[in-house]
Amino acid sequence: MMRFLLLFSRQGKLRLQKWFLPMTEREKKKIIRDMTTMVLARKPRTCNFLHWRDLKIVYKRYASLYFCCGLEDQDNELLALEVLHRYVELLDKYFGSVCELDIIFNFEKAYFILDEFLMGGEIQETSKQSIAKSIEASDMLQETMEEYMSKPAF
Amino acid sequence: MSPSVCLQEMIRVIRGARTQGEERGVIQRECAAIRAQFRQADSGGRSHNLAKLLYVHMLGYPAHFGQMECVRLIASSKYSEKRIGYLGAMMLLDEKQDASLLITNSIKNDLSHSSQHVQSLALCTLACMGSAEMCRDLAPEIERLLKASNSYIKKKAALCAVHIVRKIPELGEMFTPSAHSLLSEKNHGVLHGAVILITELCERNPDNLKQFRKSVPELVQIMKNLVTSGYSPEHNVAGISDPFLQVRILRLLRILGRNNDAASDAMNDLLAQVATNTDSSKTAGSAVLYETVLTIMDIRSESGLRVLAVNILGRFLLNNDRNIRYISMTSLQKIVQTDHTAVQRHRGTIVDCLKDQDASVKRRALELSLALVSAANIRSMMKELLLFLSTCPPELRSHAASGIFNAAGGDVRDETVPNLIQLITAASELHCYTVHKLYRALISDIVQQSLVQVACWCIGEYGDLLLKGECEEITPMQVTEDDVLDALETVLQSHMSTPTSRGFALTAIMKLSTRITNNVDRIRSVVSIYGSCIDVELQQRAVEYNALFKKYDHMRYFTMSYCTVILEFGCRSRLSLVLGY
């Protein structure tokens with residue numbers, strides 16, 4: 001299973017953090033620090049895999065954001081690259097040519113999309129269309145309620 | 001700033017702060033306002049206040065005062081409030097917090113909600129942060145949902161069950177019957193979840209393993225359908241139909257086929273088919289091939305299939321994509337002991353990877369190359385490894401050096417010794433590390449003559465570094481002058497030492513006379529004893545060194561000082577030539 005998924009900028013600012021195993025705040029902060037240091041130190045044109053403690057770290061840079069996840073020994077690193085790519089595609093479809101600012105100002109939506117794609121550190125749906133449809137339906141449900149209450153959501 | 005400013009406005013203000021102090025100030029004010037709002041329980045702005053708090057939390061600021069608000073929002077009847085409440089629970093509440101238990105009841109109710117989206121929120125949160133007590137409490141609900149008619153809910157319930165099994169393995173038997181029936185589903189999401197659930201059940205309990213081995217034919221059929229099916233737009237990734245599902249099935253087959261001939265036989269043809277037909281030009285296909293190779297190597301496969309697998313890894317080594325080269329080497333490393341001959345066939349490519357640009361690939365290539373050194377290939381391997389040592393990045397040098405020393409066993413030809421010495425001389429940063437390592441090797445074992453010779457030479461040359469007792473790369477032993485002389489004398493006296501090695505040891509002892517302070521007399525006596533040694537070569541050397549002590553003491557320092565010129569080992573240069581008589 002995936003232990004965690006982090007999104008951070010080139011300056012090391014965290015944009016999203018998903019933890020699939022319970023950890024103390026202190027442990028989380030240590031991992032975030034270690035990941036950002038290690039990944040940002042990587043030269044371009046090196047491979048996307050690292051070793052850290054007993055985990056395999058897979059990271060990929062998309063524009064100004066680094067997508068970084070921690071995997072267990074039996075997990076397939078090449079597939080993890082596809083998982084990260086799939087998440088980016090989902091964000092891209094939802095926001096229309098997604099950029100870092102979209103994820104900053106709509107972080108809760110980035111989480112909602114992630115929660116339709118991954119669950120408990122595993123993939124829950126392998127069809128892009130299916131996920132897009134569920135997000136759309138949830139958003140509709142929210143809007144309908146808000147129209148009724150005639151107040152903005154957030 | 002008005003307390004009911006929306007989330008995006010707050011984010012804008014925070015980002016506009018020019019200093020860390022300014023940002024802290026803004027956030028403190030916002031948090032104070034949010035706290036006040038929470039206490040008011042104002043029904044209008046509750047969701048966006050929590051959303052603002054979650055943003056602040058992500059920046060690294062404390063947000064525990066929002067935990068109770070999460071509990072309240074989850075219990076709300078508005079979907080938007082539930083949505084953000086559950087998100088807050090996943091971010092702020094984990095099983096270590098007491099407040100997490102308070103949401104158990106809400107989750108229970110929401111699991112039976114009329115809207116599947118609300119059910120989904122509850123399932124997701126349970127799978128993300130459900131504690132053992134919550135899992136025990138809600139397991140029957142999840143089991144019921146596994147049989148629900150809705151695929152959307154079934155796939156989520158399956159992963160929830162996975163989480164429960166991970167937390168409380170004994171509850172696994174509750175899910176075994178449903179897991180089995182889920183394999184006949186057509187929906188890929190549900191199938192994927194089912195395969196993961198079965199994997200988890202089999203890994204935790206050997207009885208489950210026995211039972212699910214009977215499902216191997218079914219799993220093989222599902223894989224066959226995926227591999228031979230035509231283009232499916234919904235699941236296609238770079239020409240592969242649902243690589244995610246394929247990889248999970250292959251992983252499950254690995255567990256089921258391990259140590260079991262019948263199961264391994266049943267999947268043999270499928271694995272051969274996937275191994276030969278999968279297009280690996282893109283990452284998706286390579287991921288499937290990679291998993292296939294891992295499975296083939298781990299089950300009781302025919303030797304032909306194993307060779308096919310190793311050849312795939314060999315092909316991966318030539319791939320342009322460095323990720324694929326990297327994982328190929330990690331896989332080869334795992335099997336180099338058990339399938340040594342098969343991996344040896346790819347030695348050339350592996351050695352080429354020593355020159356790769358990528359440091360991770362280089363490191364892997366080094367590990368693998370060292371594992372592949374054998375009596376048959378030691379000459380060419382030594383050449384390559386020594387070349388690598390001279391050009392490799394600093395962080396790999398000590399590892400490469402120790403690997404080379406270990407491999408420089410009894411089968412090494414004579415040229416290796418001068419080559420190695422030449423290299424050690426050139427790598428001046430490594431002198432301290434090298435002499436410590438070689439000293440350690442020498443005192444533990446003096447059978448390998450080339451190692452003995454290089455060690456003696458090194459100790460003679462860099463003995464002062466050894467005696468100083470400091471070393472960056474390893475914790476050095478504390479070595480006294482007597483210890484060093486003991487070690488060298490042991491080589492001199494041992495019947496296992498060849499004449500060449502004795503020569504090295506004697507020269508080293510002599511060289512140390514200029515590098516130590518207390519034991520020069522001891523050295524003098526050793527040298528004079530060997531002046532009457534039966535071995536003519538040794539005798540000659542000893543006589544010359546004796547002369548250095550007696551008549552040419554003023555030149556002793558000059559001739560025995562740091563040797564920057566390497567003597568040719570083909571022709572024996574005599575000190576007589578140096579001294580001119």
Side-chain angles (χ1 to χ4, degrees), chain A residues 1 13-20 22-25 29 32 43 45-51 74-83 85-86 104-108 111-112 115-116 119-130 134 137-138 141-146 149 151-154, chain B residues 6-8 11 15 44 47-48 51 54-55 58-60 78-80 83-84 87 90 94-96 115 117 120 123-124 127-129 152 155-156 159-160 162-163 188-189 192-193 196 234-235 237 242-245 247 251 283-284 286-287 290-291 322-327 357-361:
Chain A
M1 61 177 271
K13 286 214 106 113
L14 196 64
R15 298 302 179 203
L16 187 143
Q17 51 176 325
K18 189 75 188 182
W19 306 92
F20 296 110
M23 264 179 258
T24 62
E25 280 299 322
K29 284 204 159 63
I32 294 168
K43 300 195 193 71
R45 285 191 306 274
T46 51
C47 75
N48 297 81
F49 309 135
L50 288 168
H51 246 93
Q74 289 297 305
D75 294 322
N76 186 319
E77 300 99 308
L78 291 175
L79 197 72
L81 280 175
E82 288 296 316
V83 171
H85 192 73
R86 177 56 65 93
I104 294 170
F105 282 94
N106 301 282
F107 73 94
E108 81 282 4
Y111 276 102
F112 295 152
D115 288 339
E116 284 296 324
M119 201 160 114
E122 308 280 2
I123 300 168
Q124 63 175 285
E125 178 57 70
T126 59
S127 154
K128 263 188 284 188
Q129 287 97 311
S130 189
S134 328
S138 315
L141 191 59
Q142 188 166 299
E143 271 171 34
T144 329
M145 295 297 289
E146 294 321 309
M149 301 294 297
K151 273 216 175 84
F154 300 135
Chain B
C6 74
L7 167 69
Q8 304 207 337
I11 297 177
R15 281 169 62 78
S47 344
H48 71 240
L54 293 179
Y55 180 80
M58 187 148 60
L59 291 178
K78 277 171 68 175
Y79 178 67
S80 63
R83 214 180 182 192
I84 200 75
L87 179 62
M90 286 191 273
D94 58 39
E95 57 177 42
K96 298 190 170 77
S115 161
H117 296 288
S120 159
L123 284 165
C124 192
C128 179
M129 46 76 72
Y152 182 71
K155 76 186 183 197
K156 291 176 191 262
L159 288 180
C160 228
V162 170
H163 176 82
H188 282 219
H192 192 269
I196 298 178
E234 204 182 347
H235 296 113
V237 180
D242 207 338
F244 306 106
L245 182 57
V247 165
R251 193 165 145 184
T283 310
S286 303
Y290 174 41
E291 199 74 30
R322 60 180 50 86
N323 291 330
I324 293 177
R325 291 205 294 277
Y326 179 87
I327 55 111
Q357 294 298 319
D358 185 325
S360 315
V361 172

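In what follows, chains carry the letters A, B, and so on, assigned in the order in which the sequence lines appear, proteins first and then strands, with residues in each chain numbered from 1.
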What's the separation between atom [atom1] in [X] and atom [atom2] in [Y], rounded to the nearest 0.5 Å?
X	Y	atom1	atom2	answer
A/His85	B/Thr283	NE2	OG1	9.0 Å
A/Asn76	B/Phe244	CG	CZ	10.5 Å
A/Leu16	B/Met58	CG	CE	6.0 Å
B/Ser286	A/Leu78	OG	CG	6.0 Å
B/Ser120	A/Gln124	OG	CD	6.5 Å
B/Ile11	A/Asn106	CD1	CG	7.5 Å

With heavy-atom distances below 4.5 Å as the criterion, would you say the side chains of [X] and [Y] are in contact?
X	Y	value
B/Asn323	A/Glu77	no
A/Ser130	B/Lys155	yes
A/Leu79	B/Tyr290	no

(message) Could you walk me through whether A/Gln142 and B/Arg83 satisfy the side-chain hydrogen bond (donor to acceptor under 3.5 Å, both in side chains) test, starting with their C-alpha distance in whole Å, then the side-chain angles of each, then the deciding distance to 0.1 Å, before giving a yes or no?
(response) CA-CA 9 Å; A/Gln142 188 166 299; B/Arg83 214 180 182 192; 3.1 Å; yes
Under a 4.5 Å cutoff for heavy-atom pairs, which residue among [options] has the most contacts with chain A?
options	value
B/His117, B/Met90, B/Arg325, B/His188	B/His117
B/His163, B/Met129, B/His235, B/Arg251	B/Arg251
B/Leu159, B/Leu245, B/Val237	B/Leu159

If you count heavy-atom pairs under 4.5 Å with chain B, which of [options] comes out on top?
options	result
A/Glu116, A/Lys13, A/His51	A/Glu116
A/Lys128, A/Gln129, A/Lys29	A/Gln129
A/Asn48, A/Leu50, A/Leu81, A/Val83	A/Asn48
A/Ile32, A/Leu14, A/Asp115, A/Ile123	A/Ile123

Sort [X] into side chain, backbone, both or neither according to what part of it lies under 4.5 angstrom from a heavy atom of chain B.
X	result
A/Phe107	side chain
A/Glu122	both
A/Ile104	both
A/Arg15	both
A/Glu25	side chain
A/Lys43	neither
A/Ala80	neither

(request) Mind listing the closest non-hydrogen atom pair of A/Cys47 and B/Arg322 along with its distance? (result)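 Closest approach of A/Cys47 to B/Arg322, heavy atoms only: N-CD, 3.3 Å.
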So which part of [X] gets closer than 4.5 Å to some heavy atom of chain A, the side chain, the backbone, both or neither?
X	answer
B/Val247	side chain
B/Leu87	side chain
B/Lys156	both
B/Ile196	side chain
B/Tyr55	both

(request) For side chain to side chain contact (heavy atoms under 4.5 Å, CB included), just list the numbers for A/Met1 and B/Val162, CA-CA rounded to whole Å, side-chain angles, deciding distance to a tenth of an Å, and then say yes or no. (result) CA-CA 11 Å; A/Met1 61 177 271; B/Val162 170; over 6 Å; no
(request) State whether the side chain of B/His192 and the backbone N or O of A/Thr126 hold a donor-acceptor pair below 3.5 Å, judged by distance alone. (result)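 Looks like no, no N/O pair under 3.5 Å.
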